[in-house]
S.K.: 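Before we start, here is the structure in question, set down as structure tokens.
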Number of protein chains: 2
Amino acid sequence: MERQKFKEYVATKGLKLTKKRDDILDEILTTEGHFDPEELFIRMKTKGSKVSRASVYRTIPLLLECGLIEEVERIDKHAHYEKVLGKQHHDHMICMKCGKVIEFFSPTLEMLQSELCQKESFTGIRHNLEILGYCGRCSK
Amino acid sequence: MERQKFKEYVATKGLKLTKKRDDILDEILTTEGHFDPEELFIRMKTKGSKVSRASVYRTIPLLLECGLIEEVERIDKHAHYEKVLGKQHHDHMICMKCGKVIEFFSPTLEMLQSELCQKESFTGIRHNLEILGYCGRCSK
DNA sequence: CATTAAATTGAGACATAGTCGCATTAAAAG
DNA sequence: CTTTTAATGCGACTATGTCTCAATTTAATG
């Protein structure tokens with residue numbers, strides 16, 4: 001059904017659903033966790049795909065626009081993404097030792113942020129909270 | 001007094017307080033807002049400094065270690081920093097239109113995060129909350 | 001199914017960001 | 001002032017992202 005969504009998006013924009021685009025979406029859908037374009041490209045290469053770096057970089061904005069993936073974080077030109085796949089918004093705790101990523105969601109936190117935005121006359125669109133530290137296993 | 005702090009730090013580590021390091025610290029201290037190494041380097045170049053990119057990149061870890069600057073955010077090798085200068089921890093709202101950065105601090109938010117960490121058996125060391133959206137002026 | 005117009009592709013040049021080794025220079029200790 | 005040691009700039013190198021252009025693929029049409 002993700003592929004369907006992509007197909008529809010591509011159609012409405014007068015674009016074409018190519019094999020390469022399909023391959024890229026497929027690779028994203030079958031992998032868990034965060035990814036960045038370079039890593040995705042390398043992974044596909046390793047698996048024998050003939051996709052080019054340019055195609056990977058060119059496909060990501062399309063997947064973003066149709067809501068199949070989301071930008072988790074970005075600095076300048078460097079971004080990390082994750083597939084959406086029906087997930088609701090959540091934030092992250094990242095273990096600085098083992099790299100484990102814990103996803104969490106707190107309605108209270110969301111509400112509090114709305115209040116803080118209001119106080120500053122700021123219209124919040126999206127946010128990104130990353131808590132860095134040590135997971136249960138690593139903090140012993 | 002920032003320079004004093006740096007001098008002391010450098011001394012205890014058996015390093016040297018060079019003219020270049022001093023220049024770099026000075027440039028950081030006299031500029032407001034966030035910065036990244038490349039931008040800092042270009043800015044100094046433009047002002048006629050003969051400092052090299054390598055020196056800028058090599059000095060930043062020192063300033064971090066002695067607490068004169070802090071990492072605001074990082075993805076892979078790309079980081080943004082800000083001078084500390086007695087500021088307490090705060091988070092950011094960033095206008096996606098004009099780039100304005102609003103700094104805010106909420107004790108409630110901090111407390112809530114501690115609770116959330118506890119729930120996940122996670123030892124939070126530092127965090128980074130960025131709310132993206134539109135500032136009062138731009139959201140009209 | 002063949003044709004064709006338009007979009008997409010890969011290759012590789014280019015740009016930017018960050019790191020590293022090494023010969024030279026500068027700091028600070030004696 | 002000499003010596004020791006760290007710091008510097010240069011330039012090579014890696015990694016990441018963007019762009020152009022000729023060749024290819026898609027999908028609409030005949």
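Heavy atoms only: backbone and side chains are in, while hydrogens, waters and symmetry mates are out. Remember, predicted model here, so these are calculated numbers, not experimental data.
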S.K.: For DNA chain C, determine which residues of residues 66-77 of chain B have any heavy atom closer than 4.0 angstrom to one of its atoms, and list them numerically.
M.R.: B:Lys77
S.K.: Among pairs that include at least one residue of residues 97-123 of chain B, which meet salt bridge (Lys or Arg N to Asp or Glu O under 4.0 Å), considering only residues two or more places apart or in two chains?
M.R.: B:Lys87-B:Glu103
S.K.: For A:Ile42, does its backbone N or O pair with a side-chain atom of A:Arg53 as donor and acceptor, under 3.5 Å?
M.R.: no
S.K.: Before accepting this row, confirm whether a basic side-chain N of the pair B:Glu71/B:Arg126 lies closer than 4.0 Å to the acidic partner's carboxylate O.
M.R.: yes
S.K.: Looking at A:Ser52, I'd like to know whether one of its side-chain N or O atoms comes within less than 4.0 Å of OP1 or OP2 on C:dT9.
M.R.: no
S.K.: If you assign B:Arg53 and A:Val51 each to the DNA chain C nucleotide with the nearest heavy atom, which residue ends up on the more 5' nucleotide?
M.R.: A:Val51
S.K.: When the distance from CD1 of A:Ile24 to P of C:dT8 is rounded to whole Å, what number comes out?
M.R.: 12 Å
S.K.: Can you tell me the distance, in whole Å, between the CZ atom of A:Phe35 and the C1' atom of D:dG17?
M.R.: 16 Å
S.K.: Would you say a side-chain N or O of A:His78 is under 4.0 Å from OP1 or OP2 of D:dG17?
M.R.: yes
S.K.: I'd like to compare against my own output: the B/S/- annotation of nucleotides 21-30 of chain D with a strict under-4.0 Å heavy-atom distance to protein.
M.R.: -----BS---
S.K.: Measure from OH on A:Tyr81 to P on D:dT16 and round the result to the nearest Å.
M.R.: 14 Å
S.K.: For a quick test of your reading: what N or O donor-acceptor pairs under 3.5 Å do the side chains of residues 28-36 of chain B make, sequence neighbours left out?
M.R.:
| from | atom 1 | to | atom 2 | distance (Å) |
| --- | --- | --- | --- | --- |
| B:Thr30 | OG1 | B:Asp26 | O | 3.0 |
| B:Thr30 | OG1 | B:Glu27 | O | 3.4 |
| B:Thr31 | OG1 | B:Glu27 | O | 2.8 |
| B:Thr31 | OG1 | B:Glu27 | OE2 | 3.4 |
| B:Thr31 | OG1 | B:Arg43 | NH1 | 2.9 |
| B:Glu32 | OE2 | B:Lys83 | NZ | 3.0 |
| B:His34 | NE2 | B:Glu82 | OE1 | 3.1 |
| B:His34 | NE2 | B:His92 | NE2 | 3.1 |
| B:Asp36 | OD1 | B:Glu38 | N | 3.2 |
| B:Asp36 | OD1 | B:Glu39 | N | 3.0 |

S.K.: Could you list by number each residue of residues 38-49 of chain B showing a heavy-atom separation from DNA chain D of less than 4.0 Å, or answer none if no residue does?
M.R.: none
S.K.: Please report, to 0.1 Å, the donor-acceptor pairs under 3.5 Å made by any side chain of residues 132-140 of chain B, with sequence neighbours excluded.
M.R.:
| from | atom 1 | to | atom 2 | distance (Å) |
| --- | --- | --- | --- | --- |
| B:Ser139 | OG | A:Thr123 | OG1 | 3.4 |
| B:Ser139 | OG | B:Cys135 | O | 3.2 |
| B:Ser139 | OG | B:Gly136 | O | 3.3 |

S.K.: When rounded to the nearest 0.5 angstrom, what distance separates OG1 in A:Thr18 from CD1 in A:Ile24?
M.R.: 7.5 Å
S.K.: Give every residue pair that meets the salt bridge (Lys or Arg N to Asp or Glu O under 4.0 Å) criterion with at least one member in residues 57-69 of chain B, sequence neighbours excluded.
M.R.: none
S.K.: With nearest nucleotide decided by heavy atoms, which residue, B:Gly14 or A:Tyr57, maps closer to the 5′ end of DNA chain D?
M.R.: B:Gly14
S.K.: Show which residues join B:Met111 in its hydrophobic cluster (side-chain heavy-atom contacts under 4.5 Å, direct or indirect), or state none.
M.R.: none
S.K.: Taking ILVMFWY side chains as joined if any heavy atoms are under 4.5 angstrom apart, and letting links pass through other members, which residues group with B:Leu129?
M.R.: A:Met93, A:Ile102, A:Phe104, A:Leu109, A:Leu112, A:Leu116, A:Phe122, A:Leu129, A:Ile131, B:Met93, B:Ile102, B:Phe104, B:Leu109, B:Leu112, B:Leu116, B:Phe122, B:Ile131
S.K.: Please collect all ring-ring contact (aromatic ring centres under 6.0 Å, His included) contacts where either partner lies in residues 2-26 of chain B, sequence neighbours excluded, each pair once.
M.R.: none
S.K.: If you look at every strand shown and take non-hydrogen atoms under 4.0 Å, does A:Arg21 touch a base, only sugar-phosphate, or nothing?
M.R.: sugar-phosphate
S.K.: Report for the helix from C:dC1-D:dG30 to C:dG30-D:dC1: angle between first-end and last-end helix axes, five pairs each, rounded to 10 degrees.
M.R.: 20°
S.K.: Enumerate the ring-ring contact (aromatic ring centres under 6.0 Å, His included) contacts for residues 42-75 of chain A, please, sequence neighbours excluded, ordered by first and then second residue.
M.R.: none
S.K.: Atom CD1 of A:Ile60 to atom P of D:dG17: distance rounded to whole Å?
M.R.: 9 Å
S.K.: Flag the pair A:Glu8 and A:Lys5 as a salt bridge only when some basic side-chain nitrogen lies within less than 4.0 angstrom of an acidic carboxylate oxygen.
M.R.: no
S.K.: Between A:Lys19 and A:Asp23, does any NZ, NE, NH1 or NH2 come within less than 4.0 Å of an OD or OE carboxylate oxygen?
M.R.: no
S.K.: Mark yes or no for whether A:His127, through its side chain, and A:Ile125, through its backbone, hold a donor-acceptor pair below 3.5 Å.
M.R.: no
